[in-house]
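Throughout, a chain's letter reflects where its sequence line sits, starting with A, and its residues are numbered from 1.
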2 protein chains.
Amino acid sequence: MTGQVRTVDGRVAGRRGQATRQKLLDCLSEMLSSSPYRDVKVIDVARKAGTSPATFYQYFPDVEGAVLEIAEQMAAEGAALTELLEGRSWAGKAGWQTAQELVDGFLEFWRKNDAILRVVDLGAAEGDKRFYKLRMKILNSVNNSLADAVAELQAKGRVDKDVNPAAVAGSLVAMLAAVASHQKGFSSWGVKQAELKPNLALLVHLGVTGRKPTK
Amino acid sequence: MTGQVRTVDGRVAGRRGQATRQKLLDCLSEMLSSSPYRDVKVIDVARKAGTSPATFYQYFPDVEGAVLEIAEQMAAEGAALTELLEGRSWAGKAGWQTAQELVDGFLEFWRKNDAILRVVDLGAAEGDKRFYKLRMKILNSVNNSLADAVAELQAKGRVDKDVNPAAVAGSLVAMLAAVASHQKGFSSWGVKQAELKPNLALLVHLGVTGRKPTK
DNA sequence: ACTTGTCCTGTCATGCCGTCAGCTTACCGA
DNA sequence: TCGGTAAGCTGACGGCATGACAGGACAAGT
């Protein structure tokens, strides 16, 4: 499926080459966490990895290309987010727990990968299809599950007919993502992490079921 | 209040200087709309404005500094967002209309300024205090009004005690902002603009009042 | 030791960055 | 009218990042 890892000029990368390549990706990842995206330079990444810019360009067309690679790896891990919703109930107390665990897992994932996700978000917002598709890929698991949950409740008549499940799910996911990437903003605005989560869960529960949770 | 406009080396800018300065800002603004933030170069902005890079550096320390300037202007205009909530009711049909108009106004504002807001968002997410404060300034008007509305309903006993008004308001505002900057994402995901708005309004109404709107 | 293919880097042309000295232009008081 | 002064702009320059290439280092098999 993944084919072989190749250099920019078409050679297949061997063991050593793949190690170098991965080291470059790791260093880039670190740099993205510590300095603004706009200021991340190839030469810095290469230096940090103990190699030269020329080597970098053997494996990646540019910084953006390398970021896409990292994001791709992260997207694969992000598939695990589906588990947060797989086979969960939205009724009664179980529903409240589902909402809480979703919020928890989502914020955790976002916090762990915030540097890359920032860049993916930016790229997507700028209209770059590659980043945009990647963002979809990451969010789709949660998004689809949520939309299904809404649609199901709708079929049972417990949610209004004129609700669009995809729109609601997408909005809720966007909310989670946005709050996650501005967590610091909240905290210094007088809202603490611990307070934030239950309120987010409340909003999610309200959005999905249309009702307040029974705790 | 605003003092005089000054160049980087301390001279006060006259009529002509201010015009040049503004032209540079306008051109930068255009460039941000048409190319990725990372690729916006001083020399391109200067060329577009029919001047030289050296001139740019007379008025701004760097690209980031100029962006802050634009964002500041935008934040001033953004104060008008308060009107979307000033003295509005959240009860009954009026509440539904309030939610709708808030969504409408907010999306409109975001769409009009999306290029700058993308950069502000990025800067804030990266932890830059200047951008972070600016983002607050823009969102505060809406944020505070929403929080007040929630707190008021809470005082009347129509919203649960354990809800944190600031957290809910902040989350809703973050949702609006995120959805606005990924509007295209939704549309190509099968959710049309026109469908999106009422669903967003529903979520806002649910979040503020804890109840479904009466339409 | 020799060959082969992978892997890395020195080097180079190009182009942007950010600064400075110095030239031109506009304003103002005598 | 005529300097004087400050505003406004730019050419030019050292420095650095980019991206390409050719050639040297290295590992593995024969």
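When all heavy atoms of A:Y37 and B:E126 are compared, the closest pair comes out as N-OE2, 2.8 Å.
Remark on DNA chain D: of its neighbouring residues B:V12 and A:V42, the 5'-side contact belongs to B:V12, judged by nearest-heavy-atom nucleotide. If B:R16 and A:T20 are placed on DNA chain C by their nearest nucleotide, the residue sitting closer to the 5' end is A:T20. Comparing B:P53 and B:R11 along DNA chain D, the residue whose closest nucleotide (by nearest heavy atom) sits nearer the 5' end is B:R11.
Rounded to a whole Å, the NZ atom of A:K41 is 19 Å from the P atom of D:dG15. One atom, CD1 of A:I43, and another, P of C:dC16, lie 18 Å apart when rounded to the nearest Å.
Classification of B:D9 and B:R11 as a salt-bridged pair holds, one side-chain N sitting under 4.0 Å from a carboxylate O.
Distances shown here put a side-chain N or O of B:R15 below 4.0 Å from the OP1 or OP2 atom of C:dC27. Contact annotation: B:T55 reaches the phosphate of D:dT10 (side-chain N/O to OP1 or OP2, under 4.0 Å).
In this structure, A:L24 and A:F60 have side chains that are in contact, with non-hydrogen atoms separated by less than 4.5 Å.
Of the residues in residues 56-69 of chain B, B:Y57 come within less than 4.0 Å of DNA chain C through at least one heavy atom, sorted by number.
Side-chain polar atoms of B:Q22 and B:D26 form a donor-acceptor pair below 3.5 angstrom. A donor and an acceptor atom, one from each side chain of A:Q97 and A:E101, are located under 3.5 Å apart.
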